[in-house]
2 protein chains.
Amino acid sequence: MPESAPTTARARARAELTAEITNTARRHLAEKGPGELSLRAVARELGMVSSALYRYFPSRDALLTQLIIDAYNALGEACEEAERAQRRTDLIGRWRAVCHAARDWAIAHPQEYALIYGSPVPGYAAPKDTIDPASRPLALLIGLMVELDEAEVPASTDVPIPRPLATQLSAMRAEHDIPIDNRRLMAGLSAWTLLFGLINFEVFGRFNNTFEPADQIFDHQIDRAALAAGIPLKNR
Amino acid sequence: MPESAPTTARARARAELTAEITNTARRHLAEKGPGELSLRAVARELGMVSSALYRYFPSRDALLTQLIIDAYNALGEACEEAERAQRRTDLIGRWRAVCHAARDWAIAHPQEYALIYGSPVPGYAAPKDTIDPASRPLALLIGLMVELDEAEVPASTDVPIPRPLATQLSAMRAEHDIPIDNRRLMAGLSAWTLLFGLINFEVFGRFNNTFEPADQIFDHQIDRAALAAGIPLKNR
DNA sequence: CAAGAAATGAGAGCAGTGCTCTTGCTTTTC
DNA sequence: GAAAAGCAAGAGCACTGCTCTCATTTCTTG
């Protein structure tokens, strides 16, 4: 985010204060939830008056948007780091690493997770700045699928791809700039969908009183998804 | 919901007013979202003062909880009705009917859907009254899986089930009182997870600018999930 | 270096919120 | 018919996001 080192003292102070504001806001968010995030409370804790805060964020929603972007990046980074730590050839290890990193982060930061993968709180379309950080886990996953031997993807789950869908897939391919065939792309998308479906269920309490803890069903389902996507469980 | 016909005039009036309140609240919710649902606004529209509303609902959260229960039931009913309309032997037809009913309802009532499958708004654990209506779509799905020939479930996606998970599955089986083996149960759970992962992605805007419309990717993915769960695409 | 411009913080104030409590009134119950 | 319970209204409290004005501080520029 920091474009260049702030020059003047005022600019430095501004950058620091902005960071302090988002940090306290993040703490408040973690404790109470997005609905209870109060500009006034944040300002109070920082020893300033509420109106002063509007010099740094034009509205409450702007503050929330910043938190959303940060959350996307934090989750994305956690996934990328975990994936990097795996041997390149260990596809299933990389897949599991991404899944667990995402899940662990979500469980550790449920409110921030809810902010980005729950219902859109402020009520509207995500600003432009969020779509890039938001696609980091998916990009990771596609990068993984591309290294998979196409022959591995089980034909048993092959479903015909109609023309309009193929067009959308091509556009997506162009976006991520990765040469990958439709079969593997769709397989990856299904795995992606299942992963976040799973995390949603757990974090939003759908597994309460049934799968508690949810560790085992999580592991089981991501392995199933891996197999369905053509990632063999045993590394060769 | 109505346990028995209200006897006294006052009781009848109370029942009617309660219904009117939830209805206007539902309308407001649909227009603006859960965060903007204002008790005072609802009261205003009904020509009463805000404090009078507290005779019918002890708090704003209680009103929201009622809307949540209604939403669960509406979604569940939509799914059940669609599923009932299919030939019993047409498993893939039943699966697709459930999926499309759920998706259509979610798209038609995004805010209500967000209320039940998005982030938990009031901030917490769903009250007891919600867990039963909430499980209707899953129950439907399990009822579908049980009619599937066990041999159909492809071994290619078999993943070992550790002991603790098996225990949780048994408890679940007992709950729904349906004799189904772990393989099919897990296959059904994966399909269930993917379905709502998909709907979440679409309703919460994750497919914007990529899969728009999302009809094709939806159909493709639910068919993939069907195959993975052992439901053949072609009816015999 | 001084003067004008820009950025900043404080305070008051507005319209709105959920919720409580008290005060009269009506309906039901005994 | 009297007592009890249910109900609507109003005032009020402690909040919220946000705007506007007014001093003060900091930066920029002649």
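Values below: every heavy atom of this structure, side chains too, minus hydrogens, waters and symmetry copies. Just so we're on the same page: letters track the sequence lines, and every chain starts at 1.
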Calculate the interatomic distance between [X] atom [atom1] and [N] atom [atom2]; express it in whole Å.
X: A/Glu36; N: D/dT16; atom1: CD; atom2: P; value: 11 Å
X: B/Met48; N: D/dG10; atom1: CE; atom2: C1'; value: 15 Å
X: B/Leu46; N: D/dA9; atom1: CG; atom2: C1'; value: 16 Å
X: A/Asp61; N: D/dG17; atom1: CG; atom2: P; value: 10 Å
X: B/Arg55; N: C/dT20; atom1: CZ; atom2: P; value: 12 Å
X: B/Arg12; N: C/dT28; atom1: CZ; atom2: P; value: 9 Å

Legend entry - Carboxylate-amine/guanidinium contact A/Asp215 A/Arg103, below 4.0 Å: yes
Inset, instruction - Look at A/Asp219 together with A/Arg96 and state whether they make a salt bridge at an N to O cut-off of under 4.0 Å. - result: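 Not counted as a salt bridge, because no side-chain N and carboxylate O are separated by less than 4.0 Å.
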Inset, instruction - For A/Gln221 and B/Ser190, test the side chains for any donor-to-acceptor distance below 3.5 angstrom and give the result as yes or no. - result: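 On atom types as modelled, these side chains qualify, holding a pair under 3.5 Å.
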Legend entry - Side-chain H-bond candidate by donor/acceptor type, B/Glu45 with B/Thr24, under 3.5 Å: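 No.
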What does [X] touch in the nucleic acid at a heavy-atom separation under 4.0 angstrom: a base, only the sugar-phosphate, or nothing?
X: B/Leu17; value: sugar-phosphate
X: A/Leu53; value: nothing
X: A/Phe57; value: nothing

Legend entry - Over all atoms of both residues, closest heavy-atom pair of A/Ile116 and A/Ala71: CG2-CB, 3.8 Å
Inset, instruction - For residues B/Gln111 and B/Leu29, report the shortest heavy-atom separation together with the two atoms involved. - result: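 In terms of heavy atoms, the two residues are closest at CG-O, 3.4 Å.
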Legend entry - Plane angle bin for A/Tyr117 and A/Tyr113 - parallel if under 30°, tilted between 30 and 60°, otherwise perpendicular: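 Plane angle under 30°, so parallel.
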Legend entry - Base-contact (B) and sugar-phosphate-only (S) positions in nucleotides 12-18 of chain C, heavy-atom cut-off under 4.0 Å, - elsewhere: -B---BB
Legend entry - Nucleic acid footprint by protein, nucleotides 23-30 of chain D - heavy-atom cut-off 4.0 Å, B for base, S for sugar-phosphate alone: --BBS---
Legend entry - Working for side chain to side chain donor-acceptor pair (under 3.5 Å), residues A/His28 and A/Glu36: CA-CA 8 Å; A/His28 284 207; A/Glu36 332 298 328; over 6 Å; no
Inset, instruction - Test the B/Arg206-A/Phe196 pair against the cation-pi criterion, namely NZ or CZ under 6.0 angstrom from the six-membered ring centroid and within 45° of the ring axis. - result: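 No.
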